[in-house]
Asker: 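Here's a structure for you.
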Amino acid sequence: MDDQYELYCLADPLFYDTLDGRRSDHPDFALAAREVPDGWQHQATDTWMHYAPLAGRIPAQGWKIHVSARTEDAERAMETVWDYCVPRGIAFKFLRSLPVMTMLNSKAAPRGASGKLVTIYPVDEAQLELTLKELDELLAGVEGPYILSDLRYGEGPLFVRYGGFAGRRCLAGNGELVPAVEDGEGRLVPDVREPSFGVPSWVALPAFLEPHLAARNAVTTENLPYRIESVIQFSNGGGVYLGEDLRTGERVVLKEARPHAGLDAAGRDAVARLAHERDMLEHLSGLDAVPALIDYFTLGEHRFLVEEFVDGNPLQRQLVQRYPLTRATCDETALTEYTAWVLDTLPKVRRAIESLHGRGVVFGDLHPNNILVTEDGRLVLIDYEVATFSTDRGRAALAHPAFGAPADRQGTDVDRYALACLCLGLFAPQLTIMLPLDRAKVADLARLITETFPVPPEVIDEAVLTVAGPAPAAVTPFPRPGHDGWPELREAMTRAILASATPERDDRLFPGDVAQFQPGGGVNLAYGAAGVLYTLAVTGAERLPAHEDWLRRRALAPAPGTGVGFYDGLHGVAYVLDLLGHRQDAIDTVDLCLREKWEALELGLFGGLAGMGLNLLHLGATAGERAFTDLALRIVDICSDRLGGPDDVPKTSGGSHPRAGLMYGSSGPALLFLHAYERTGDTSLLDRAAAALRQDLRRCITGEDGTLQVDQGWRTLPYLDEGSVGIGVVLARYLAHRDDADLRTALDGCRLVTRGRYFVQSGLFTGRSGVLAALGWGLGPETLHTDHPDLAAQLRGLGWHALPHGGGLAFPGDQLLRLSMDFATGTAGVLFAMSAVLHDRPAFLPFIEPPGGTNAPAWASAHGPAGRFGTYDPSKEV
């Protein structure tokens, strides 16, 4: 799970949203309502309240001060900073609310930035030193978490780090735009924000900070009776390490807890939970399902628990390795073998949980990553920091969202609920995370599981009864993919989208992914209004002038920081405005983009030069703007010069390396080269397209089932955005112009991905819908009918995620925690993907339509006289 999503779940039970003081149960800090001082400017974001003097000079970078605080000290710390900085004209910002503060210091929060309650921007080192000295006295007694990216000043809540003040960006080594600072030669370089303190090579540590660095380095593990061998995992609360007990030679696990960090829903920090885990391990001593407690000690301010090392595999890893539906070669034998393994595993987990209940303990955090299975069959439950005594009738303050029980479950019923979710989740991985959106969905999941796996119905029925509870939620009827016709599905999804609209809001028109809360995210094609209105237009929905006006106004007066890319910025908005008939607005929006320093963009389609060049080629032709065409061809040359050769990329994608795929990788420039070739006939552009495609294929790997997928080192990706089906769509276009045996073989491997029967998410960019759409964009057979088994299976598969909303049909966004209506992750994207294979005028992703501008692929004629909504007939499915 991406940890940032939890913050955006606090404000609304159905949609991702910000905590901006609108909710009475999540109010802003009182300081946020204080009147802005005369001569000061103020800007509020979804997390920060910024203040700066209008006449002051704020450097672009330098040493910044961070103030951390525990919950009970937060108000005092912020008010002290306000009262100190305002009279002196020092810019600062603070977190806007207690819920935001808690989430950004939770166990799952990013470690590098956690603990920062206030940021202060001194203008020079003299002001830095004086401010630290005086605030250190004013904040005496305030305690807070250690900010890992910073150097602590003294023993109080003040920390310092050198970094950027202004919002400048540059390309990092992985090809992405990141926050930037100037190096010693005036070049923009990444502003590195790791969870450890460091000083840029061209910056000298101020002399007055040297004793504080020495104090930081004085704490070591040299005198411990344990040697740390490796890191098992990190969280904001601390680390988990594999080590050796130097006294016995035995391997052990060391769990670290940082004071005031890693908060849970009850406000407990990691230290409190680790002490609680120690007590629970002592109480459960001797149980086979519980690791033995060895030691508990303090080092510096950190606490450490030492426990038995259990040499086993997490159940989650075994699930990923065994799950058959993700393989193109899945057959009935594979389904039967997997079902037998699940039915053998579940009773072992139940017995382990019941052994805890026998000692009066509720585990409280049961999920596959907390279950270890050894080679000799021993099953061990790990992580007891939120365990409770059953007599307390309490609830865990931390829980995996796919297994966390609703508020009406207490005591041992919490574990029984998690066991039921485990039963369902081993057959439908991660999907129980959707149940808070619609409790009645559990019956739908049960039906899909028993239709797919040879599992005894009574096993699933028992799990459903446990999840549903004594008062099951009423089932809301809605059209179901794979069972109802295209007209009903199209109208139901359109109805849900329109029911969610919020035209009264300035930041967004339709709820979507959390990315829409970045500058300009509420208007763009991927996550904002442009993508939804684009989908409604190409699927034949009624025009919505008021919604179009909402988009037009914000395109022509974009929020500060709005990007210029195709999917993440204004170029995509311009494309949609032109499609909707607002050509002059589109041209004016592109003109705004051209005022920015677009040459510094990375090469990709999503937010880089490839997307910009494709849009300029498109508008140059449709609007008759020769200058746009000329600039597009200049961008083609820039991309060609910067691309490199087929071997000039690492063999893995993502992380510190550039990403592969259609949206972020070399397939985006390949698509640009192909369009430029189709315009100019210059065959050298086909050579560049081939080189770009081979860069992406270099980062792919062939699985045991023959599928070709993008290799990220720790996982493989099949998806449209940075997976193999996106590469395959461009491969198919290239092969329409020039045959190549190796590339055709690669395309066959990409095609096999469309036979996978299970995808954790339903979205267009990172889910099943992108695979479904790719069937109609060149990855399906030449005679792809709606009753073709691959197409029918993908349509039925959308039922795993289908949910009712607003009298219609909706789908959850990325992470599955909330519904989404946007193009990249949500309902609009699903609607768009269905229209790619079912609509009488199949929809194509921008610039993906067949060469020559054909409105339908070759197989479209097989639909016959389709009518407005196609000829989909579920009775013909196989």
Side-chain angles (χ1 to χ4, degrees), residues 2-4 110-113 149 163-164 167-183 187-196 198 200-201 234 513 515 518 526 561 563-569 597-613 635 638-672 691-701 709-724 726-727 730 765-766 814 824:
D2 189 329
D3 304 329
Q4 67 168 323
R111 299 169 64 238
S149 62
R168 297 183 294 180
R169 292 156 69 93
C170 72
L171 289 177
N174 61 1
E176 297 182 15
L177 281 174
V178 297
V181 292
E182 284 187 18
D183 67 8
R187 299 170 302 188
L188 286 180
V189 297
D191 183 2
V192 179
R193 302 180 181 185
E194 298 291 339
S196 59
S201 59
F234 278 124
D513 188 75
Q518 298 300 312
V564 300
F566 189 77
Y567 282 99
D568 68 349
K597 296 180 180 179
W598 54 265
E599 295 93 340
L601 295 175
E602 44 88 20
L603 299 184
L605 174 63
F606 187 86
L609 291 175
M612 181 179 177
I635 290 172
I638 293 172
C639 289
S640 180
D641 292 341
R642 285 170 51 182
L643 179 73
D647 296 332
D648 290 340
V649 293
K651 289 187 176 182
T652 56
S653 170
S656 60
H657 297 154
R659 289 186 280 180
L662 174 63
M663 293 295 169
Y664 307 104
S666 301
S667 292
L671 185 62
L672 173 62
L693 287 166
R694 286 190 167 91
Q695 282 190 352
D696 270 359
L697 293 174
R698 175 178 169 82
R699 294 173 281 193
C700 290
I701 189 170
Q709 300 193 36
V710 170
D711 182 14
Q712 287 196 323
W714 61 284
R715 65 175 180 176
T716 59
L717 295 179
Y719 302 117
L720 184 66
D721 63 347
E722 52 183 313
S724 53
I727 299 171
V730 185
F765 282 18
T766 57
D814 280 2

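What's counted below: heavy atoms across the whole structure, side chains too, no hydrogens, waters or symmetry copies.
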Asker: Do the non-hydrogen side-chain atoms of Leu177 and Cys170 ever get within less than 4.5 Å of each other?
Answerer: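 No, too far: nothing below the 4.5 Å cut-off.
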
Asker: Parallel, tilted or perpendicular, judged at 30° and 60°: which one describes the rings of Phe606 and Tyr664?
Answerer: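 Answer is tilted, since the angle falls between 30° and 60°.
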
Asker: Of all heavy-atom pairs between Arg111 and Pro195, which one has the smallest distance, and what is that distance?
Answerer: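 What the structure gives for the nearest pair is NH1-CG, 3.4 Å.
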
Asker: Keeping Asn174 on the side-chain end and Gly655 on the backbone end, is there a donor-acceptor pair under 3.5 Å?
Answerer: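 Yes: the side chain of Asn174 pairs with the backbone of Gly655.
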
Asker: Write down the atom of Phe765, the atom of Tyr719, and the distance for their closest heavy-atom approach.
Answerer: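 Scanning both residues, the minimum pair turns out to be O-CB, 3.5 Å.
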
Asker: Just by modelled atom types, is the Val649 backbone N or O under 3.5 Å from a matching donor or acceptor in the Arg698 side chain?
Answerer: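 Side chain of Arg698 to backbone of Val649: a pair is present.
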
Asker: Compare every heavy atom of Leu662 with every heavy atom of Leu720, then report the nearest pair and how far apart it is.
Answerer: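 Closest approach of Leu720 to Leu662: O-CB, 3.5 Å.
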
Asker: Quick one: are Val181 and Pro200 in side-chain contact, heavy atoms under 4.5 Å?
Answerer: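 No, every pair of side-chain atoms sits at 4.5 Å or beyond.
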
Asker: Would you mind reporting whether Arg642 and Leu609 have side-chain heavy atoms less than 4.5 Å apart?
Answerer: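 Yes - at least one pair of side-chain heavy atoms lies under 4.5 Å apart.
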
Asker: Spell out, as yes or no, whether a donor-acceptor pair under 3.5 Å connects the side chain of Asp696 to the backbone of Ile727.
Answerer: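 Between the backbone of Ile727 and the side chain of Asp696 there is no qualifying donor-acceptor contact (under 3.5 Å).
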
Asker: Would Trp598 and Ile638 count as a side chain to side chain contact (heavy atoms under 4.5 Å, CB included) if you check the C-alpha gap in whole Å, the side-chain angles of each, and the deciding distance to 0.1 Å?
Answerer: CA-CA 12 Å; Trp598 54 265; Ile638 293 172; 4.1 Å; yes

Asker: Please give me the minimum heavy-atom distance between Val730 and Ala670, naming the atom from each residue.
Answerer: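 Of all heavy-atom pairs spanning Val730 and Ala670, the closest is CG1-CB, 4.0 Å.
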
Asker: Whether the side chain of Arg699 engages the backbone of Pro658 through a donor-acceptor N/O pair (distance < 3.5 Å, no angle test) should be reported.
Answerer: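 Yes, the answer is positive, given that a donor and an acceptor are paired below the 3.5 Å cut-off.
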
Asker: Check whether any side-chain heavy atom of Asp711 sits under 4.5 Å from a side-chain heavy atom of Lys651, and report yes or no.
Answerer: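 Not touching, per the 4.5 Å side-chain cut-off.
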
Asker: Are any side-chain N or O atoms of Gln695 and backbone N or O atoms of Leu643, one a donor and one an acceptor, separated by less than 3.5 Å?
Answerer: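 Judged by distance alone, yes, a pair lies under 3.5 Å.
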
Asker: Mark yes or no for whether Glu602, through its side chain, and Gly604, through its backbone, hold a donor-acceptor pair below 3.5 Å.
Answerer: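 Pair found, side chain donor or acceptor close to backbone of Gly604.
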
Asker: Considering non-hydrogen atoms only, spot the tightest contact between Leu672 and Cys639 and give its length.
Answerer: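 Answer, listing the atom of Leu672 first, then Cys639: CD2-SG, 4.0 Å.
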
